[in-house]
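Here's the structure, in structure tokens; my notes come after.
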Amino acid sequence: MSQIVNESYLFLADGFEEIEALGTVDMLRRAGMTVRTVAVKDDFEVTGAHGVPVKADLLLNDVSVSESTQWLILPGGMPGATNLAASHKVNEMLKYQNERGGKIAAICASPAVVLAPLGILKGRKATCYPGMEPIEATEAEMTGQPVEVTDNVVTANGPANTFAFALAIITATLGAEAAGTVAQGMLLK
């Protein structure tokens, strides 16, 4: 499979938080970014935490991370975050992306459940769903803020901050003007 330059991937595992996943994909595409959803199983249909079925663009086995991969994005939700963390291939992709300084974004439970155990948050300011901090995020400076951007990593604390999360990704990729245009078009500002 040939990879599109500057392509981003948003991973969907059964139990993902629908608002965090679909709101983020929607906003990034509004900004003109190439983001594709990836089913973390052998079936394109993935069911969210609230029973909403979603058809992913790609299967995990059809995806590889390279120097041209722009973002790896993890929605939260339970057991979605746990299912992401259980995927050896997702973990390997995240470690590679981080080692090369590639961009990673995670929201809700995923910063604590997926990124922290891989050491990706070590020494960084980050945020996650309240109450998840002591579980796996002890090596990060967990701030409790709605969104944190530190180096190549964007984290957010939950569904209510999906728009702020997506705007932080857009800002880090295309700049504040592009994020402002998307926000204005959605009547956020």
Side-chain angles (χ1 to χ4, degrees), residues 7-31 33-41 44-58 60 63 70-87 90-91 93-94 97 103-118 120-121 126-133 135-137 140 142-150 152-173 179 182-183 186 188:
E7 186 168 46
S8 298
Y9 299 114
L10 185 140
F11 297 104
L12 298 174
D14 282 329
F16 70 92
E17 174 56 57
E18 293 95 339
I19 291 172
E20 295 165 356
L22 300 178
T24 300
V25 168
D26 176 284
M27 291 179 71
L28 300 185
R29 288 181 180 177
R30 285 173 192 255
M33 294 174 62
T34 302
V35 59
R36 299 177 75 185
T37 56
V38 179
V40 181
K41 60 182 196 174
F44 285 99
E45 187 171 294
V46 187
T47 303
H50 302 98
V52 179
V54 173
K55 183 180 178 187
D57 298 317
L58 301 166
L60 183 60
V63 174
Q70 195 162 48
W71 286 92
L72 297 182
I73 305 166
L74 309 172
M78 290 302 266
T82 303
N83 290 334
L84 288 173
S87 170
V90 169
N91 289 331
M93 289 176 167
L94 288 166
Q97 182 81 341
K103 296 173 179 161
I104 297 169
I107 186 170
C108 196
S110 286
V113 174
V114 185
L115 299 185
L118 298 175
I120 292 172
L121 299 182
T127 192
C128 67
Y129 194 82
M132 299 297 292
E133 299 90 342
I135 296 172
E136 292 287 355
M142 301 307 282
T143 67
Q145 294 298 310
V147 177
E148 283 289 352
V149 179
T150 305
N152 59 317
V153 179
V154 174
T155 55
N157 67 358
N161 289 303
T162 298
F163 291 166
F165 175 66
L167 290 172
I169 295 168
I170 295 166
T171 299
T173 309
V182 170
M186 293 178 65
L188 294 174

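For the residue pair Ile19 and Pro159, the shortest heavy atom distance occurs at CG2-O, 4.1 Å. Closest non-hydrogen pair, Leu167 versus Ala179, comes out as CD2-O, 3.4 Å. Closest approach of Asn91 to Leu84, counting heavy atoms only: OD1-O, 4.3 Å. Across all their heavy atoms, Arg29 and Arg36 have their closest contact at NH2-CA, 4.0 Å. Across all their heavy atoms, Ala81 and Val114 have their closest contact at O-CG2, 3.4 Å.
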All N/O donor-acceptor pairs, side-chain side in residues 104-113, below 3.5 Å, sequence neighbours left out:
| unit_1 | atom_1 | unit_2 | atom_2 | d |
| --- | --- | --- | --- | --- |
| Ser110 | OG | Pro75 | O | 2.7 |

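At a threshold of 4.5 Å between non-hydrogen side-chain atoms, the residues Thr162 and Glu17 do not count as touching. When side chains are defined from C-beta on, Val46 does not count as touching Thr37, because their heavy atoms never get closer than 4.5 Å. Val90 places a side-chain heavy atom less than 4.5 Å from the side chain of Leu60. At a threshold of 4.5 Å between non-hydrogen side-chain atoms, the residues Met33 and Trp71 count as touching. Residues Phe165 and Thr24 meet the side-chain proximity criterion, which asks for heavy atoms closer than 4.5 Å. Side chains of Leu28 and Leu10 form no contact here, defined as non-hydrogen atoms less than 4.5 Å apart. With contacts defined as side-chain heavy-atom distances shorter than 4.5 Å, the pair Val54/Phe16 qualifies. Phe11 places a side-chain heavy atom less than 4.5 Å from the side chain of Met93.
Within the 3.5 Å criterion, the main-chain N or O of Leu22 finds no donor-acceptor partner in the side chain of Asp26. In this structure, Lys103 contributes its side chain and Thr173 its backbone to no donor-acceptor pair below 3.5 Å. A distance-only check finds no donor-acceptor pair linking the side chain of Thr155 to the backbone of Ala126 [under 3.5 Å]. For the pair Glu20 (side chain) and Gly76 (backbone), a donor-acceptor distance under 3.5 Å is present. Put simply, the side chain of Thr127 never gets that close to the backbone of Val147: no donor and acceptor are under 3.5 Å apart.
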| request: Under the side-chain contact (heavy atoms from CB on, under 4.5 Å) rule, what do Leu188 and Met27 come out as? Steps first, then yes or no, please. | output: CA-CA 12 Å; Leu188 294 174; Met27 291 179 71; 4.1 Å; yes
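Atom OG1 in Thr47 sits 10.5 Å away from atom CG in Leu12 (nearest 0.5 Å). Remark: Asp14 CG to Asn83 CG distance equals 6.5 Å, nearest 0.5 Å. Taken to the nearest 0.5 Å, the CG atom of Leu58 stands 7.0 Å off from the CZ atom of Phe44.
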